[in-house]
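Since the structure comes first, as structure tokens, the remarks are kept for the end.
Letters go in sequence order (proteins before strands), and every chain restarts at 1.
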Protein chains: 2
Amino acid sequence: MPVVGLTIAEAAETLGLTSDTLRYYEKDGLLLRPVSRTSSGHRRYDEDDVRWIVLVTRLRATGMPIRDVRRYADLVRAGDGNELQRLELLQAHREQVLQQLAEVTSHLGAIDHKIGIYEDRLRRLEISA
Amino acid sequence: MPVVGLTIAEAAETLGLTSDTLRYYEKDGLLLRPVSRTSSGHRRYDEDDVRWIVLVTRLRATGMPIRDVRRYADLVRAGDGNELQRLELLQAHREQVLQQLAEVTSHLGAIDHKIGIYEDRLRRLEISA
DNA sequence: GTCACCCCTGAAGTGCGCTCCAGGTCAACC
DNA sequence: GGTTGACCTGGAGCGCACTTCAGGGGTGAC
């Protein structure tokens, strides 16, 4: 029996997640298929598993809700023929992310301005001290 | 008795929040002082209140946790003498936001790449159809 | 063979940030 | 003076995304 793939702890380490999160994602339908198991029932993550979960973490890290990641996984799992739906889902997400980036950037500008004011005030206090 | 300031509903409308959220922020110590009241106990938001809450929404919209907003409000409420602490809090937040922006942007790049692949695939299907 | 360690499951718990609810007050309008 | 509607309070409830727990294997090192 060849040793193939990563244990859950190794996969978690590789992906920057916890083992608990990996089990949770699997149970919640975010993976394309159940992760394969050793004879004793322990999970083994192969390259495809890891590649897919990297995508999942990217979607999550850009703010896609779990339920949308699951919808995307459902589409991919369904196989060929729904590429347009997948594309639309990703494009909609992209628009959301861009809007979010613009909003955060603009708010950050205002906060930066406030930081500048404090810096000035403190510089002046320093000089007059 | 002059009519001064906005009702909670008006303030909520102006700020893009709900009345419930405004009450919650006040109860949770995010405001600099209790909002003033009419003789019948209804809140009235003046310009200073609104200005402060705009800042709160900016901090929140850039991902600052409620508890940190409260810490910042505590510092401002304490008055002069802690400008350095306020500055440090804002600067730390700024760094977090920049890091977050960079991370999201990078993940978005990978997602864009995937979108490009689907677009190509669909274009080819269209042509061959 | 026993100890330590990693893994398994289903289910309950947690932290965050609101959001909703019940029951009540008040002012204005018909 | 009755009804409407905006507001009040304390407290419960909710959705999300995990995280922890209880109870139970399997396996390799000594």
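- At a threshold of 4.0 Å, the pair A:Arg33-A:Asp49 counts as salt-bridged, since one of the basic side-chain nitrogens sits closer than that to a carboxylate oxygen.
- Each of A:Ile8, A:Leu22, A:Val56 was evaluated against A:Leu17; a single residue qualifies, A:Leu22, per the side chain to side chain contact (heavy atoms under 4.5 Å, CB included) test.
- For D:dC8, neither phosphate oxygen OP1 nor OP2 lies less than 4.0 angstrom from any side-chain nitrogen or oxygen of B:Ser40.
- Residue A:Ser19 is classed as having no contact, given no heavy-atom separation below 4.0 Å to the nucleic acid.
- Put simply, CG on A:Leu59 is 17 Å from C1' on D:dC16, counting in whole angstrom units.
- Rounded to whole angstrom, the span from the NE2 atom of B:His42 across to the P atom of C:dG24 amounts to 16 Å.
- Looking only at side-chain heavy atoms (C-beta outward), A:Leu108 and B:Leu98 come within less than 4.5 Å of each other.
- Between the C1' atom of C:dC6 and the OH atom of A:Tyr45 lies a distance of 14 Å, rounded to the nearest Å.
- Nearest nucleotide to the side chain of B:Arg43, out of D:dT9, C:dC8, D:dA6: D:dT9.
- B:Arg70 contributes a side-chain N or O that, together with a main-chain N or O of B:Asp28, makes up a donor-acceptor pair within less than 3.5 Å.
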Could you run down nucleotides 10-20 of chain C 5' to 3' and tag each one B, S or - for protein heavy-atom contact under 4.0 Å?
B-----SBBBB
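- Distance CD1 (B:Ile8) to P (C:dC26): 18 Å, rounded to an integer number of Å.
- For the OP1/OP2 pair of D:dA6 and a distance below 4.0 Å, the side-chain nitrogens and oxygens of B:Arg23 include no atom meeting the criterion.
- At whole-Å resolution of the value, CG in A:Leu17 and C1' in D:dT19 are 13 Å apart.
- No more than 12 heavy atoms of other residues, nucleotides or ligands lie within 6.0 Å of CD in B:Gln99, so this atom counts as exposed by the packing criterion.
- At whole-Å resolution of the value, CG in A:Leu22 and P in C:dT9 are 12 Å apart.
- The phosphate of D:dC7 has OP1 or OP2 within less than 4.0 Å of a side-chain N or O from B:Thr7.
- Using a 4.0 Å cut-off between charged side-chain N and carboxylate O, A:Asp74 and A:Arg71 make no salt bridge.
- Heavy-atom contacts from other residues, nucleotides or ligands closer than 6.0 Å to CD of A:Gln96 number 12 or fewer.
- As rounded to whole Å, 14 Å separates atom P of D:dG26 from atom CZ of A:Arg37.
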